[in-house]
K.L.:
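First the structure, then my questions, so here it is.
First listed ligand is number 1; within each ligand, the first listed atom is number 1. Side-chain atoms are counted along with the backbone in the values below, which use heavy atoms only and exclude waters and symmetry mates. Only a predicted model underlies this, so the values are computations on that prediction, with no experimental measurement involved.
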Amino acid sequence: MDEKINELLQLRQEALSGGGFKRNSKRHSQGRLSARERLDLLLDQGSFEEFDMLKTHRCQNFGMEKRQYPGDGVVTGYGTINGRLVFVFSQDATVLGGSLSETFAEKICKIMDMAERAGAPLIGLNDSGGARIQEGIESLAGYAEIFERNVRLSGVVPQLSGIFGPCAGGAVYSPALTDIIMMVRRNSYMFLTGPKVVKSVTHEDVTTEELGGADVHTGVSGVAHLAYDSDEETIQGLRRALSYLPQNNMESPPWEENADSAERETPTLAQVLPPSAQQPYDMHQIVIPCMDKQSWMELQPDYAPNMITGFARLGGAVVGVVANQPNHLAGVLDSDAAGKAARFVRMCDAFNIPLVTFVDVPGFMPGRQQEHQGIIRHGAKLLYAYAEATVPKITLILRKAYGGAYCVMSSKHLRGDVNYAWPSAEIAVMGAKGAVEILYAREAAAQDDPHAYLRHKEEEYQKRFANPFVAAERGYVDDVILPERTRFRLCRALGMLNDKRSERPARKHGNMPL
Ligand code: HXC
């Protein structure tokens, strides 16, 4: 027996050392943690239970039969985060670049299936050069098996991805199918193929950072949600994101005891709005004071910043916030902003997270560039997402709500549950200036002073339409509320909607304009 136990301990030791001391030291010197160190930080201390530690690959090509590593480059199992069960995998780039073999894929698929059965979140720590080149079709098949499970779990259990090293091919497509992606600045990359392959195919010289660094994916492509400066911070980010998500689609997100009273007045909010509706302001100064203190977690802050998306708590309950940002492009709705918000709305709806929408939007972005980019299609995504969402939907119009953008931003007509406006709201087909230039072009041309005439007409239009009262008369807004009572009214509305029920007609699925 002792001999057998020693054999086991020896194999375990081999598995624990991954690709060996030299490779691990090199990665430490680059400021990277090992696959196991990352799991230690992610999970509650002592909670990790590992599976398939001794599993090895079966490849016989290119001398691979001699390159065996127990565990085959990925650590898989389950553990807890703040006492909540999660399933995890952590790829080990010191073993054959963290590349994915058939058996590596089987290990991940096993815990994905367990996550589905247990109704618990899946967290993937990715650090992989993609499909193991020596294996070929088996590794491709392995990826496809993982993708199929990513889709199967989508909207059933939360799936979170951390990107910790250069990730290529399937190692980026699997995260792309998950709910939230976080990257490490300067140490992690996401691309279909690395710079060497790019050079050989397109003759383009590009660095890993330019091709798929954290700044590219959080600021330009919108693939990733957040970037941090170290492995440690990224892991804390993943833990925090999980605190806003339920175990699965049948549960509510975790409620958190909070000292911040729902009755707290918000007297500073009214002063945030500038005197003129043409002037910008920072929407964060409205959103954050309304939410429970320290509860705000923004997602994708650097991508399409004209739209704000993030998690927060109201009276202890998790909410998903969507808000126009007048500080950037006047808060206009363009293709990127619409796509960003649509995906966020769908994530919230999938995981029973009520939506609170703050509206100050001058409309959709006009022009050739946006039309050619497909603003019709992208704008329709947001319309679709809000109309489809059955979670509680609370909307507050602060200032502008013009045209189609009024309809889209969780209006009453899309089955908004509680729609409020501030007295400063302007709900109209379009801004007064643009409106009178169309309505009175002929009359203005006949005047001695067309500009003065149009200014006068603009004032008239402004008085007639640029207010919340016409909408309130129709019942399109449920009440015009005082800014200092905003937090209180939002908390109350949310409490009232706690047991909201809303059924959709049976269908296989809708045909969202993707
Ligand atoms: C096997 C791999 C590997 C891979 C890296 N390695 N990628 N082994 N299969 N896919 C190995 C290297 O041989 C090396 O082994 C070690 O990992 C470290 O690699 P380096 O190149 O030295 O590291 P680095 O300079 O940091 O570059 C990392 C990298 C680069 C950018 C990821 O290795 C790279 O471009 N790899 C290929 C990426 C790729 O095209 N993958 C296939 C994607 S297709 P030693 O023994 O020296 O330590 C795919 C199919 C799915 O994934 C499609 C889904 C739609």
K.L.:
Considering only non-hydrogen protein atoms, determine which one is nearest to atom 10 (N) of ligand 1 and report residue, atom name and distance to 0.1 Å.
P.N.:
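Nearest neighbour among protein heavy atoms for atom 10 (N) of ligand 1, to 0.1 Å: A131 O, 2.9 Å.
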
K.L.:
Protein heavy atoms near atom 15 (O) of ligand 1, is at least one of them under 4.0 angstrom away?
P.N.:
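There is no protein heavy atom less than 4.0 Å from atom 15 (O) of ligand 1.
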
K.L.:
Provide, to 0.1 Å, the distance between atom 55 (C) of ligand 1 and the closest protein heavy atom, together with that atom's residue and name.
P.N.:
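Looking only at protein heavy atoms, the one closest to atom 55 (C) of ligand 1 is Y173 CD1, 3.5 Å.
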
K.L.:
Verify, without hydrogens or angle tests, whether N352 (side chain) and N249 (backbone) share a donor-acceptor contact under 3.5 angstrom.
P.N.:
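Checking the backbone N and O of N249 against the side chain of N352, a donor-acceptor pair under 3.5 Å is found.
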
K.L.:
Please confirm whether A171 comes within less than 3.5 Å of ligand 1 when only nitrogen or oxygen atoms on both sides are compared.
P.N.:
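No - when backbone and side-chain N and O of A171 are compared with those of ligand 1, no distance drops under 3.5 Å.
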
K.L.:
Ignoring angles and geometry beyond distance, decide whether L140 reaches within less than 3.5 Å of ligand 1 through its nitrogen or oxygen atoms.
P.N.:
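No: no nitrogen or oxygen of L140 is under 3.5 Å from one in ligand 1.
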
K.L.:
Atom 35 (O) of ligand 1: which protein heavy atom is closest, and how many Å away?
P.N.:
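Protein heavy atom with the smallest distance to atom 35 (O) of ligand 1: G194 CA, 3.9 Å.
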
K.L.:
Regarding atom 1 (C) of ligand 1: of the candidates R23, Q134, K26, K22, which has the closest heavy atom?
P.N.:
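Considering heavy atoms of R23, Q134, K26, K22, the nearest to atom 1 (C) of ligand 1 sits in Q134.
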
K.L.:
Can you tell me which residue and heavy atom of the protein come closest to atom 43 (C) of ligand 1, and the distance to 0.1 Å?
P.N.:
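Residue, atom and distance for the closest contact: G169 CA, 3.7 Å.
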
K.L.:
Is any NZ, NE, NH1 or NH2 atom of the basic residue among R152 and E116 found under 4.0 Å from an Asp or Glu carboxylate oxygen of the other?
P.N.:
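Yes, charged N to carboxylate O under 4.0 Å.
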
K.L.:
Quick test: of every protein heavy atom, which one is nearest to atom 40 (O) of ligand 1, and how far off is it to 0.1 Å?
P.N.:
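Ranked first by proximity to atom 40 (O) of ligand 1 is T193 CG2, 3.9 Å.
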
K.L.:
Tell me: protein heavy atom nearest atom 26 (O) of ligand 1, and distance?
P.N.:
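Sorting protein heavy atoms by distance from atom 26 (O) of ligand 1 puts P166 CG, 3.9 Å first.
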
K.L.:
Answer yes or no for atom 33 (O) of ligand 1: protein heavy atom present at a distance under 4.0 Å?
P.N.:
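So far as the 4.0 Å threshold goes, atom 33 (O) of ligand 1 is out of reach of every protein heavy atom.
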
K.L.:
So which bit of I133 gets within less than 4.0 Å of ligand 1, heavy atoms only: side chain, backbone, both or neither?
P.N.:
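Near ligand 1, I133 shows its backbone as well as its side chain.
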
K.L.:
Where does F147 meet ligand 1, judged by heavy-atom distances below 4.0 Å: at the side chain, the backbone, both, or neither?
P.N.:
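It is the side chain that touches ligand 1; the backbone stays farther off.
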
K.L.:
Donor-acceptor pair, R67 side chain versus G63 backbone, under 3.5 Å?
P.N.:
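Such a contact is absent between R67 side chain and G63 backbone.
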
K.L.:
How far is atom 18 (C) of ligand 1 from its nearest protein heavy atom, and which residue and atom is that?
P.N.:
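Looking at atom 18 (C) of ligand 1, the protein heavy atom closest to it is G97 CA, 4.4 Å.
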
K.L.:
For atom 30 (C) of ligand 1, is the nearest protein heavy atom under 4.0 Å away?
P.N.:
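It does not: no protein heavy atom is found less than 4.0 Å away from atom 30 (C) of ligand 1.
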
K.L.:
More than 12 heavy atoms of other residues, nucleotides or ligands under 6.0 Å from CG of L8: yes or no?
P.N.:
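Buried by this count: over 12 neighbours within 6.0 Å.
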
K.L.:
For R36, is there an ion pair with D92 - N to carboxylate O distance below 4.0 angstrom?
P.N.:
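Salt bridge absent between D92 and R36.
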
K.L.:
Would you mind listing which atoms of ligand 1 come within a distance below 4.0 Å of any non-hydrogen atom of G170?
P.N.:
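Checking each atom against G170, I get 49 (C), 51 (C), 52 (O), 53 (C), 54 (C).
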
K.L.:
Is the shortest distance from atom 21 (O) of ligand 1 to a protein heavy atom below 4.0 Å?
P.N.:
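Answer yes: something from the protein, a heavy atom, is under 4.0 Å.
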
K.L.:
Verify, without hydrogens or angle tests, whether K340 (side chain) and T309 (backbone) share a donor-acceptor contact under 3.5 angstrom.
P.N.:
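No; zero donor-acceptor contacts below 3.5 Å.
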
K.L.:
Please report whether ligand 1 has a polar contact with Y143, defined as an N or O pair separated by less than 3.5 Å (distance criterion only).
P.N.:
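Looking only at distances, the answer is no, because the N/O contact criterion of under 3.5 Å is not met.
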
K.L.:
In this structure, are over 12 heavy atoms from other groups packed under 6.0 Å from Y173 atom OH?
P.N.:
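It does not: Y173 OH has 12 such atoms or fewer within range.
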
K.L.:
Do protein heavy atoms approach atom 47 (O) of ligand 1 to less than 4.0 Å?
P.N.:
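No, there is no protein heavy atom closer to it than 4.0 Å.
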
K.L.:
Taking non-hydrogen atoms only, is R67 closer than 4.0 angstrom to ligand 1 via side chain, backbone, both or neither?
P.N.:
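The side chain, only.
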
K.L.:
Is the number of heavy atoms from other residues, nucleotides or ligands under 6.0 Å of R504 CZ greater than 12?
P.N.:
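Yes.
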
K.L.:
Identify the protein heavy atom lying closest to atom 25 (O) of ligand 1, giving its residue, its atom name and the separation to 0.1 Å.
P.N.:
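Heavy-atom neighbour on the protein nearest atom 25 (O) of ligand 1: K196 NZ, 4.6 Å.
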
K.L.:
Just wondering, do V88 and Y78 contact through their side chains at under 4.5 Å, heavy atoms?
P.N.:
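The answer is no, as the side chains (C-beta and beyond) never meet within the 4.5 Å cut-off.
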
K.L.:
Given G98, A168, S99, G129, identify the one with the heavy atom nearest to atom 42 (C) of ligand 1.
P.N.:
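It is G129 whose heavy atom sits nearest to atom 42 (C) of ligand 1.
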
K.L.:
The test is side-chain hydrogen bond (donor to acceptor under 3.5 Å, both in side chains); show your working for Q325 and D360 and say whether it passes.
P.N.:
CA-CA 7 Å; Q325 170 57 292; D360 190 345; over 6 Å; no

K.L.:
Taking only Lys NZ, Arg NE, NH1 and NH2, and the carboxylate oxygens of Asp or Glu, determine whether E106 and R58 approach each other closer than 4.0 Å.
P.N.:
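Yes, this pair counts.
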
K.L.:
So, are R38 and D127 salt-bridged, with charged N and O less than 4.0 Å apart?
P.N.:
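A salt bridge links R38 with D127.
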
K.L.:
Less than 4.0 Å between a side-chain N and a carboxylate O, is that true for K199 and D205?
P.N.:
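Salt bridge: yes.
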
K.L.:
Judged by modelled atom types alone, do N150 and S174 share a side-chain donor-acceptor pair under 3.5 Å?
P.N.:
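S174 and N150 do have a side-chain donor-acceptor pair below 3.5 Å.
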
K.L.:
My question is simple, although I want it checked carefully: is atom 51 (C) of ligand 1 less than 4.0 angstrom from any protein heavy atom?
P.N.:
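Under the 4.0 Å cut-off, atom 51 (C) of ligand 1 does have protein heavy-atom neighbours.
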
